[in-house]
Undergrad: 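Take a look at this one; I'll ask things after.
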Amino acid sequence: DTAVSQTPKYLVTQMGNDKSIKCEQNLGHDTMYWYKQDSKKFLKIMFSYNNKELIINETVPNRFSPKSPDKAHLNLHINSLELGDSAVYFCASSQESDDYNEQFFGPGTRLTVL
Amino acid sequence: ILNVEQSPQSLHVQEGDSTNFTCSFPSSNFYALHWYRWETAKSPEALFVMTLNGDEKKKGRISATLNTKEGYSYLYIKGSQPEDSATYLCALARGADGLTFGKGTHLIIQP
């Protein structure tokens with residue numbers, strides 16, 4: 001069983017389109033996250049959700065919106081895609097939202113915007 | 001801007017040798033330091049979460065130490081094996097800001 005899964009693994013789309021990436025965790029964790037791996041290979045936090053509440057929102061364009069239908073899912077919606085959105089996006093989860101719990105990462109979704 | 005620095009950026013080590021690398025971070029408002037191991041084409045996997053100054057943690061041949069007063073952590077690998085080849089990431093946790101990752105140390109073990 002995959003602990004944190006993401007779909008799709010690869011996503012190629014045109015500029016201006018709207019797309020979603022799905023994330024599911026079967027660990028019973030309370031908190032889920034979205035990270036972006038930028039062109040310099042840095043992993044940067046975008047959002048985290050704890051019990052359906054957004055508790056972190058970095059300086060991310062409002063074209064990006066996380067949606068959590070339940071505790072096990074945190075989907076990432078991106079509107080009006082731009083070339084600069086091309087990156088690998090990782091979902092992660094942890095038992096609680098504090099700093100002392102390790103995070104479990106999904107396999108990543110490589111988004112390419114043409 | 002919070003800077004988490006890792007050095008060296010990459011490292012080639014002969015199989016069987018021991019090695020170590022560094023994570024440096026601002027020492028103020030410290031909450032916790034995470035170490036992750038990231039193999040190519042896989043997801044980052046947690047190695048350690050360290051919270052107390054002077055902490056030492058060990059998992060098999062891998063261990064880590066933490067100095068929160070001077071703002072650094074060392075990761076040690078004893079008797080390197082080819083399967084240790086990966087990128088090792090450290091990340092600083094500071095409450096509501098979430099995890100801030102360093103760029104990683106890319107370790108290659110040469111048979």
Side-chain angles (χ1 to χ4, degrees), chain A residues 1-7 9-10 21 23-25 27 29-50 53-60 66 74 87-110, chain B residues 1-10 23 25-26 28-53 55 57 59 62 64 66 68 73 75 86-107:
Chain A
D1 274 348
T2 304
V4 182
S5 59
Q6 293 178 229
T7 53
K9 192 169 181 180
Y10 300 97
I21 305 172
C23 177
E24 177 180 1
Q25 54 95 4
L27 298 167
H29 285 170
D30 288 330
T31 306
M32 295 181 72
Y33 310 83
W34 276 105
Y35 289 87
K36 179 181 179 181
Q37 185 187 17
D38 64 20
S39 56
K40 296 184 179 179
K41 306 296 184 188
F42 263 121
L43 269 177
K44 293 186 177 178
I45 184 80
M46 298 177 71
F47 303 104
S48 77
Y49 249 78
N50 177 283
E53 255 187 274
L54 181 67
I55 57 174
I56 301 175
N57 187 343
E58 287 289 303
T59 53
V60 171
L74 183 66
V88 183
Y89 293 85
F90 286 91
C91 177
S93 71
S94 65
Q95 181 62 48
E96 293 174 9
S97 59
D98 62 38
D99 298 320
Y100 311 116
N101 289 275
E102 61 189 8
Q103 295 187 12
F104 292 78
F105 284 80
T109 295
R110 182 175 292 277
Chain B
I1 296 176
L2 179 59
N3 284 325
V4 178
E5 303 285 343
Q6 291 189 248
S7 62
Q9 192 171 354
S10 66
C23 174
F25 51 87
S28 59
N29 298 321
F30 176 85
Y31 281 74
L33 188 87
H34 294 224
W35 279 101
Y36 289 83
R37 181 170 175 274
W38 194 357
E39 287 183 73
T40 304
K42 293 188 178 180
S43 314
E45 290 182 1
L47 287 172
F48 307 111
V49 179
M50 308 179 79
T51 56
L52 297 175
N53 185 44
D55 245 357
K57 294 211 171 178
K59 187 180 282 190
I62 304 177
L66 178 67
T68 60
S73 175
L75 191 82
T87 296
Y88 291 82
L89 298 171
C90 72
L92 185 67
R94 295 212 313 187
D97 294 336
L99 288 183
T100 299
F101 281 88
K103 277 189 175 178
T105 292
H106 184 51
L107 177 65

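In what follows, chains carry the letters A, B, and so on, assigned in the order in which the sequence lines appear, proteins first and then strands, with residues in each chain numbered from 1.
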Undergrad: Output all residues satisfying salt bridge (Lys or Arg N to Asp or Glu O under 4.0 Å) with Lys42(B), sequence neighbours left out; order by chain, then residue number.
TA: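 So Lys42(B) forms a salt bridge (Lys or Arg N to Asp or Glu O under 4.0 Å) with Glu39(B).
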Undergrad: In terms of heavy-atom pairs under 4.5 Å with chain B, which of Ala92(A), Ser48(A), Gly106(A), Gly108(A) leads?
TA: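 That would be Gly106(A).
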Undergrad: Chain A heavy atoms under 4.5 Å from Leu92(B): which part of the residue, side chain, backbone, both or neither?
TA: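 Leu92(B) has no heavy atom closer than 4.5 Å to chain A.
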Undergrad: Taking all heavy atoms of Phe42(A) and all of Gly102(B), pick out the closest pair and write down the distance.
TA: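 Shortest heavy-atom separation between Phe42(A) and Gly102(B) comes out as CE2-C, 3.7 Å.
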Undergrad: Pro66(A): which residues meet the side-chain contact (heavy atoms from CB on, under 4.5 Å) condition with it, sequence neighbours left out?
TA: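 Partners of Pro66(A) under the side-chain contact (heavy atoms from CB on, under 4.5 Å) test: Phe47(A), Tyr49(A), Leu54(A), Leu74(A).
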Undergrad: For the residue pair His34(B) and Asn101(A), what are the closest heavy atoms and their distance?
TA: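 Smallest interatomic distance, heavy atoms only, reads CE1-O, 3.3 Å.
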Undergrad: Which heavy atom of Pro107(A) sits nearest a heavy atom of Ser43(B), and at what distance?
TA: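 For Pro107(A) versus Ser43(B), the nearest heavy atoms are CA-OG, 3.2 Å.
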Undergrad: Given heavy-atom pairs under 4.5 angstrom as the criterion, report whether the side chain, backbone, both or neither of Gln6(A) touches chain B.
TA: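 No part of Gln6(A) comes within 4.5 Å of chain B.
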Undergrad: Using every non-hydrogen atom in the two residues, find where Ala46(B) and Gln103(A) come nearest and quote the distance to one decimal.
TA: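 It is CB-O, 4.3 Å.
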Undergrad: Is it true that, when you exclude Glu45(B) itself, more than 12 heavy atoms of the residues, nucleotides or ligands shown sit nearer than 6.0 Å to its CD?
TA: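 Open: at most 12 neighbouring heavy atoms sit under 6.0 Å from CD of Glu45(B).
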Undergrad: Are there more than 12 heavy atoms of other residues, nucleotides or ligands under 6.0 Å from atom NZ of Lys57(B)?
TA: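 Buried by this count: over 12 neighbours within 6.0 Å.
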Undergrad: Between Leu43(A) and Tyr36(B), does the side chain to side chain contact (heavy atoms under 4.5 Å, CB included) criterion hold? Intermediate values first, please.
TA: CA-CA 12 Å; Leu43(A) 269 177; Tyr36(B) 289 83; over 6 Å; no
Undergrad: Among Ala41(B), Pro44(B), Ala91(B), who wins on heavy-atom pairs under 4.5 Å with chain A?
TA: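 Maximum pair count with chain A is reached by Pro44(B).
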Undergrad: Is it the side chain or the backbone of Tyr35(A) that comes within 4.5 Å of chain B heavy atoms, both, or neither?
TA: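 Tyr35(A) touches chain B through side-chain heavy atoms alone.
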